[in-house]
Chemist: 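One structure coming up, written as structure tokens, with questions to follow.
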Amino acid sequence: MERPCKNFTKDTAKVRLRKHDVGTKFSLWLSTKCSVLLPLLVKEEKIYLLFTVRSKKLRTSPGEVCFPGGKSDPGDTDEIATALREAQEEIGLQPHQVEVICRLVPYITKKGAMVTPVVGFIDSSFQAQPNPHEVSEVFLVPLEYFLSLHTHYSFYWTNFGHRCLVHCFSYTDPQNQSTYQIWGLTAWFALLTALIVLQKQPSFDIEYDLSDFTSSCEQNFVKMRRTIKSKL
């Protein structure tokens, strides 16, 4: 049995995440759909997120940090199925190795695709087997890292006329001393998960009402969808 994390247990983290589960609420809002898996694991009394680095051979976003994930296939029953299938294809994570906890509020990309974050716990003993055609590296980051001002910077950009705050983090892995730039949608999903699980005020500004977090995220999503729909 894995030891509890400092200040809270793994079960507590699950309870907190499930309170923010949106289920299928937004599943039919856009026809172009993607899903990503946010793999959490407990290691050395801390909760970590697992990230991948996209292969430099890929045509889109080569070498960028992301979560396992991709576009929905016709055979996928829902967003969870998409996330699990992509994780299996990219890093060899079998669906039965994931305890899916929830689906968080989705986001809309600059191309008009809806991306749903699926959060799940995996065992700390998992050994990734990256598909070299898609993934060049796999690494872990402590969840608490995404609430620290010392690792964070941000800037604004406009998406279909909707002004968005883009979060960026620079992380140096103590194991291999490699530095990874985590930004954009990947950074937002990591920050979203950290805010929910750790329930701590970040040391920097975000665009959401932390006293009514999920409702604030949903309102932002609806506003973005309305803006994008009027532009398409």
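Count residues from 1 along the sequence. No experiment lies behind these values; they were computed from the predicted model shown.
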Chemist: Rounded to the nearest 0.5 Å, how far apart are CG of Leu84 and OG of Ser35?
Modeler: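 Atom-to-atom, Leu84:CG and Ser35:OG are 9.0 Å apart.
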Chemist: Determine whether Leu50 and Phe139 make a side-chain contact, defined as any pair of heavy atoms from C-beta on separated by less than 4.5 Å.
Modeler: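 Leu50 does not reach Phe139 side chain to side chain.
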Chemist: Within this structure, what is the CG-SG distance for the pair Leu185 and Cys164, rounded to the nearest 0.5 Å?
Modeler: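 The SG atom of Cys164 is 10.5 Å from CG of Leu185, to the nearest 0.5 Å.
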Chemist: How long is the span from the NZ atom in Lys46 to the CD atom in Glu44, to the nearest 0.5 Å?
Modeler: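 With rounding to 0.5 Å, NZ (Lys46) is 8.0 Å from CD (Glu44).
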Chemist: Answer yes if the side chains of Ser55 and Ser136 hold a donor-acceptor pair under 3.5 Å, and no otherwise.
Modeler: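 No, because no side-chain N or O of Ser55 sits under 3.5 Å from a partner of the opposite role on Ser136.
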Chemist: Measure the OG1-CE distance between Thr109 and Met224 for me, rounded to the nearest 0.5 Å.
Modeler: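 Rounded to the nearest 0.5 Å, the OG1-CE separation comes to 9.5 Å.
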Chemist: If you take all heavy atoms of Leu37 and Pro39, which pair is closest and at what distance?
Modeler: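 Here Leu37 and Pro39 meet closest at O-CD, 3.0 Å.
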Chemist: With hydrophobic residues grouped by side-chain heavy-atom distances under 4.5 Å, do Val115 and Val222 end up in a single group?
Modeler: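 Result: yes, single cluster for both.
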Chemist: For Ser27 and Glu79, does a side-chain donor sit closer than 3.5 Å to a side-chain acceptor?
Modeler: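 Looking only at side-chain atoms, Glu79 and Ser27 do form a donor-acceptor pair, the distance falling under 3.5 Å.
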Chemist: Distance-only, no hydrogens or angles: does the Asn176 side chain make a donor-acceptor pair with backbone N or O of Ser178 under 3.5 Å?
Modeler: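 At least one qualifying donor-acceptor pair exists.
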Chemist: Can the ring centroids of Tyr171 and Tyr180 be said to lie less than 6.0 angstrom from one another?
Modeler: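 Between Tyr171 and Tyr180, the centre distance exceeds or equals 6.0 Å.
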Chemist: Testing the basics here: between Arg16 and Ile196, what is the closest heavy-atom pair and its distance to 0.1 Å?
Modeler: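 Nearest heavy atoms, Arg16 then Ile196: O-CG2, 3.5 Å.
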Chemist: Carefully, step by step, assess Leu143 and Thr193 under the rule side-chain contact (heavy atoms from CB on, under 4.5 Å).
Modeler: CA-CA 8 Å; Leu143 195 57; Thr193 306; 4.2 Å; yes
Chemist: Shortest non-hydrogen contact from Leu17 to Cys102?
Modeler: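 Smallest interatomic distance, heavy atoms only, reads O-SG, 3.6 Å.
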Chemist: Distance only, no hydrogens: is a donor on one side chain within 3.5 Å (strictly under) of an acceptor on the other, for Ser216 and Asp209?
Modeler: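 Per modelled atom types, Ser216 and Asp209 side chains form no pair under 3.5 Å.
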Chemist: Measure the spacing between OG of Ser154 and CZ of Phe169 and express it to the nearest 0.5 Å.
Modeler: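 The OG atom of Ser154 sits 9.0 Å away from the CZ atom of Phe169.
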Chemist: Ignoring hydrogens, what is the shortest heavy-atom contact between Val22 and Leu104? Give both atom names and the distance.
Modeler: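 Nearest heavy atoms, Val22 then Leu104: CG2-O, 3.6 Å.
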Chemist: Applying salt bridge (Lys or Arg N to Asp or Glu O under 4.0 Å), which residue pairs with at least one partner in residues 18-37 are found, sequence neighbours left out?
Modeler: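 Counting only pairs at least two positions apart or across chains, the salt bridge (Lys or Arg N to Asp or Glu O under 4.0 Å) contacts touching residues 18-37 are Arg18-Glu99, Lys25-Glu218.
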Chemist: Does a side-chain heavy-atom distance below 4.5 Å link Pro68 with Glu90?
Modeler: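 Result yes, sub-4.5 Å side-chain heavy-atom pair found.
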Chemist: In terms of ring plane angle, is the pair Phe146 and Phe51 parallel, tilted or perpendicular, where the classes change at 30° and 60°?
Modeler: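 It falls in the tilted class, 30° to 60°.
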Chemist: Can you list the steps and then say if Tyr208 with Leu195 is a side-chain contact (heavy atoms from CB on, under 4.5 Å)?
Modeler: CA-CA 11 Å; Tyr208 299 88; Leu195 288 167; over 6 Å; no
Chemist: So how far is it from Leu58 CG to Cys66 SG, rounded to the nearest 0.5 Å?
Modeler: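 These two atoms lie 9.0 Å from each other.
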Chemist: Over all heavy atoms of both residues, which pair between Gly120 and Val98 is shortest? Give the atoms and the distance, please.
Modeler: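 Minimum heavy-atom contact is CA-CG1, 4.2 Å.
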Chemist: Would you name the heavy atoms of Asp173 and Gln175 that are closest together and state the gap between them?
Modeler: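 Shortest heavy-atom separation between Asp173 and Gln175 comes out as OD1-N, 2.8 Å.
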Chemist: Is Ile108 reachable from Val166 through a run of hydrophobic residues whose side-chain heavy atoms are each under 4.5 Å from the next?
Modeler: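 No, Val166 and Ile108 fall in different hydrophobic clusters.
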Chemist: Between Ser215 and Asp212 (side chain of the first, backbone of the second, donor and acceptor by atom type, cut-off under 3.5 Å), is there such a pair?
Modeler: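 No; zero donor-acceptor contacts below 3.5 Å.
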Chemist: Examine Val15 and Ile101 and state if one hydrophobic cluster contains both, with Ile, Leu, Val, Met, Phe, Trp and Tyr joined whenever side-chain heavy atoms are less than 4.5 Å apart.
Modeler: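 Not linked; separate clusters.
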Chemist: Looking at Trp188, Tyr145, Trp183, Phe204, which hits ring pair (Phe, Tyr, Trp, His ring centres under 6.0 Å) with His152?
Modeler: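 Of the listed residues Trp188, Tyr145, Trp183, Phe204, the ring pair (Phe, Tyr, Trp, His ring centres under 6.0 Å) partner of His152 is Phe204.
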Chemist: May I ask you to decide if Glu64's main-chain N or O and Ser61's side chain share a donor-acceptor pair within less than 3.5 Å?
Modeler: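 No, the answer is negative, given that no donor and acceptor are paired below the 3.5 Å cut-off.
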Chemist: Is a donor on one side and an acceptor on the other found under 3.5 Å between the side chain of Thr116 and the backbone of Pro106?
Modeler: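 It does not hold such a pair.
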Chemist: With a 4.5 Å cut-off on side-chain heavy-atom distances among I, L, V, M, F, W and Y, is there a chain of contacts connecting Leu149 to Phe155?
Modeler: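 Leu149 and Phe155: separate clusters.
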Chemist: Quick check: are there more than 12 heavy atoms from other residues, nucleotides or ligands sitting under 6.0 Å from CD of Gln127?
Modeler: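 No.
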Chemist: Without hydrogens or angle criteria, can the side chains of Thr82 and Glu86 be said to hold a donor-acceptor pair below 3.5 Å?
Modeler: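 There is no such pair between these side chains.
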Chemist: For the pair Arg54 and Glu134, find out whether any cationic side-chain nitrogen is under 4.0 Å from an anionic carboxylate oxygen.
Modeler: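 The answer is no: the pair does not qualify as a salt bridge.
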Chemist: Might you work through the side-chain contact (heavy atoms from CB on, under 4.5 Å) test for His167 and Tyr153, ending with a clear yes or no?
Modeler: CA-CA 6 Å; His167 297 277; Tyr153 67 95; over 6 Å; no
Chemist: Do Leu140 and Lys43 have side-chain heavy atoms sitting under 4.5 Å apart?
Modeler: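 They are in side-chain contact.
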Chemist: Is Glu207 close to Tyr156 at the side-chain level, that is, under 4.5 Å between some pair of heavy atoms?
Modeler: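 Counting from C-beta outward, Tyr156 and Glu207 do come under 4.5 Å.
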Chemist: On the 0 to 90° scale, with breaks at 30° and 60°, tag the Trp29-Phe26 ring pair as parallel, tilted or perpendicular.
Modeler: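 Taking Phe26 first and then Trp29, their aromatic rings stand perpendicular (interplane angle over 60°).
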Chemist: Under a 4.5 Å cut-off applied to non-hydrogen side-chain atoms, are Thr24 and Asp78 in contact?
Modeler: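 Answer no - side chains too far apart.
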Chemist: Is there a path of hydrophobic side-chain contacts, each under 4.5 Å between heavy atoms of I, L, V, M, F, W or Y residues, that connects Leu210 with Leu147?
Modeler: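 Yes, it is one cluster - the side chains of Leu210 and Leu147 are joined through contacts under 4.5 Å.
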Chemist: May I ask you to check whether Phe67 and Phe189 place their ring centres under 6.0 Å from each other?
Modeler: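 Ring centroids of Phe189 and Phe67 are no less than 6.0 Å from each other.
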Chemist: Answer yes or no: is there a side-chain heavy-atom contact under 4.5 Å between Val118 and Val36?
Modeler: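 Heavy-atom side-chain distance check fails, nothing below 4.5 Å.
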Chemist: Side-chain contact, heavy-atom cut-off 4.5 Å: Glu144 with Leu198?
Modeler: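 A side-chain contact under 4.5 Å exists here.
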Chemist: Apply side-chain contact (heavy atoms from CB on, under 4.5 Å) to residues Asp123 and Leu41 and explain how you reach the verdict.
Modeler: CA-CA 6 Å; Asp123 193 88; Leu41 59 90; over 6 Å; no
Chemist: Is there a side-chain contact between Asn131 and Ile91 in this structure, where contact means two heavy atoms from C-beta onward sitting under 4.5 Å apart?
Modeler: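 Result no, sub-4.5 Å side-chain heavy-atom pair not found.
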